[in-house]
Amino acid sequence: MRVRAFAKINLSLRVLGMRADGYHELRTIFQSIALHDTLTIRASRGPFRLTCGDPACPADETNLIWRAAARMWTAAGRRGAPRDVSIDLEKRIPMQAGLGGGSSNAAAALRALARRWRVGEAPVRAAARALGADVPYFLEGGTVLGLERGDRLFPLIDPPAAWVVLVLPGFGVSTKDAFGWFDRFGVAADPRVRREADTQVGPYINDLEAPVVARHPEIGRIISALSRQGASQASMSGSGSAVFGLFPLRRDADRAAKALASASRRTLVTKTLNRQKYQTLAAT
Ligand code: C5P
């Protein structure tokens with residue numbers, strides 16, 4: 001069985017405060033995109049095995065796919081560690097990019113193994129929440145408002161489809177670091193930044209952008225360059241390092257991608273994916 005694990009961008013990401021559990025209270029809009037990893041699930045005798053062609057991708061117990069498998073195995077009422085299944089991960093979603101690759105892999109593994117081992121919906125949802133704040137979103141897909149840790153979800157009406165230019169700088173950003181920089185950046189203490197964010201209408205703000213750009217000015221340069229290329233929106237995705245630009249027309253997206261590519265940046269063009277397409281394509 002093969003399943004697709006799609007990436008996401010955050011059309012907006014507002015950080016509303018700190019929670020008692022150490023996470024941040026969020027108001028974010030997730031948007032699925034067509035870029036995806038592929039998981040191939042096979043019957044294979046012996047202990048659970050995870051393989052990945054990309055040597056940068058950990059294929060051990062720390063991988064969220066592995067942890068998803070362990071949870072589904074237990075939820076199916078079986079003892080010990082998962083076995084008699086192997087998963088091969090074909091990795092296309094860049095890592096440490098704010099595109100949700102690891103979380104999407106986890107959700108895809110949960111769905112596929114729940115079907116295989118006959119696990120019900122409630123344990124799948126509980127496992128998703130336990131594996132990470134973004135994982136529940138990937139059980140849903142499309143355009144979704146996320147509150148609390150980003151895991152209380154409200155599906156939204158699909159916005160118009162758009163071409164998405166992704167620009168990937170030659171470095172990654174860890175989510176934990178980005179939230180730490182946000183805490184130290186003191187957005188509330190900088191009235192100029194606060195005012196600018198508060199007076200912008202529409203969903204197009206990422207509160208992690210300023211603190212991440214302060215560490216990585218290259219991200220700010222990419223956002224400006226995408227705006228100059230005519231993007232209807234240019235923002236960092238999630239906690240970075242990927243930056244996306246939205247374009248109504250494919251030829252404009254292609255032109256922007258070509259203009260922004262350089263020795264230190266990779267660009268790719270993909271498109272938004274609505275909930276119906278997500279649910280159809282992610283299931284097969
Ligand atoms: O849940 P996940 O493991 O994906 O989150 C990674 C890190 O991002 C957390 O350890 C936390 O530091 C930060 N985070 C946060 N608030 C959120 C989501 C993530 O502070 N709502």
Side-chain angles (χ1 to χ4, degrees), residues 5-33 37 50 56-58 60-72 89 91 93-111 123-141 144-154 156 171-188 197 203 205-216 219 235-242:
F6 292 98
K8 58 84 179 162
I9 53 177
N10 298 78
L11 295 177
S12 77
L13 197 166
R14 305 307 309 265
V15 184
L16 305 178
M18 183 61 109
R19 296 161 52 92
D21 62 9
Y23 272 71
H24 291 75
E25 189 76 13
L26 302 184
R27 188 169 72 227
T28 187
I29 298 177
F30 296 107
Q31 172 65 57
S32 298
I33 56 176
D37 294 340
L50 176 62
C57 160
D60 58 12
E61 292 90 337
T62 64
N63 191 299
L64 279 178
I65 291 177
W66 198 297
R67 292 168 53 199
R71 285 188 178 263
M72 288 301 91
L89 171 62
K91 196 87 200 137
I93 306 172
M95 289 173 275
Q96 294 221 309
L99 298 173
S103 299
S104 184
N105 291 169
L110 289 176
R111 271 197 309 268
V124 170
R125 290 189 182 282
R129 274 196 302 277
L131 289 173
D134 281 358
V135 182
Y137 162 71
F138 288 102
L139 296 177
E140 193 73 42
V144 178
L145 172 68
L147 304 181
E148 300 181 0
R149 297 189 320 159
D151 55 357
R152 186 167 165 76
L153 301 173
F154 299 88
L156 301 177
F171 54 86
V173 171
S174 110
T175 303
K176 210 177 164 59
D177 287 351
F179 278 101
W181 297 335
F182 174 88
D183 292 339
R184 266 168 281 148
F185 191 71
V187 169
I205 298 163
N206 182 342
D207 284 331
L208 295 178
E209 208 171 86
V212 174
V213 167
R215 264 72 181 185
H216 294 294
I219 290 177
S235 310
M236 190 177 78
S237 182
S239 51
S241 61

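In each ligand, atom 1 is the first atom listed, and ligand 1 is the first ligand listed. Being a predicted model, the structure only gives us computed values, none of them experimental.
Near G132, the atoms of ligand 1 lying under 4.0 angstrom from a non-hydrogen atom of the residue are 1 (O). Listed by number with element, the atoms of ligand 1 under 4.0 angstrom from any heavy atom of L26 are 21 (N).
Inspection of the Y137 and T28 side chains reveals no N or O donor paired with an N or O acceptor under 3.5 Å.
For ligand 1, none of its N or O atoms has an N or O atom of F179 under 3.5 Å away. No N or O atom of S103 sits closer than 3.5 Å to an N or O atom of ligand 1.
Ion pairing between a basic and an acidic side chain is recognised when a charged N comes within 4.0 Å of a carboxylate O; R129 and D151 show no such pairing.
When only non-hydrogen protein atoms are considered, atom 12 (O) of ligand 1 lies nearest to K176 CG, 3.5 Å. Looking from atom 4 (O) of ligand 1 to the surrounding protein, the closest heavy atom is A133 N, 4.0 Å. Closest to atom 20 (O) of ligand 1 among all protein heavy atoms lies H24 ND1, 2.7 Å. Among protein heavy atoms, atom 18 (C) of ligand 1 sits closest to Y23 CD2, 3.4 Å. The nearest heavy-atom contact from the protein to atom 8 (O) of ligand 1 is T175 CG2, 3.1 Å.
Using the six-membered ring where Trp is involved, H216 and F171 have ring planes that are parallel, under 30° apart on the 30 and 60° scheme.
Taking a 6.0 Å sphere around CZ of R149, one finds it holds more than 12 heavy atoms contributed by other residues, nucleotides or ligands. For CZ of R152, the number of neighbouring non-hydrogen atoms (other residues, nucleotides, ligands) closer than 6.0 Å is 12 at most.
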For this session: Walk me through it: do L16 and D207 pass the test side-chain contact (heavy atoms from CB on, under 4.5 Å)?
Result: CA-CA 9 Å; L16 305 178; D207 284 331; 5.8 Å; no
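Contact annotation: the side chain of V124 approaches that of L139 to within less than 4.5 Å [non-hydrogen atoms, C-beta and beyond].
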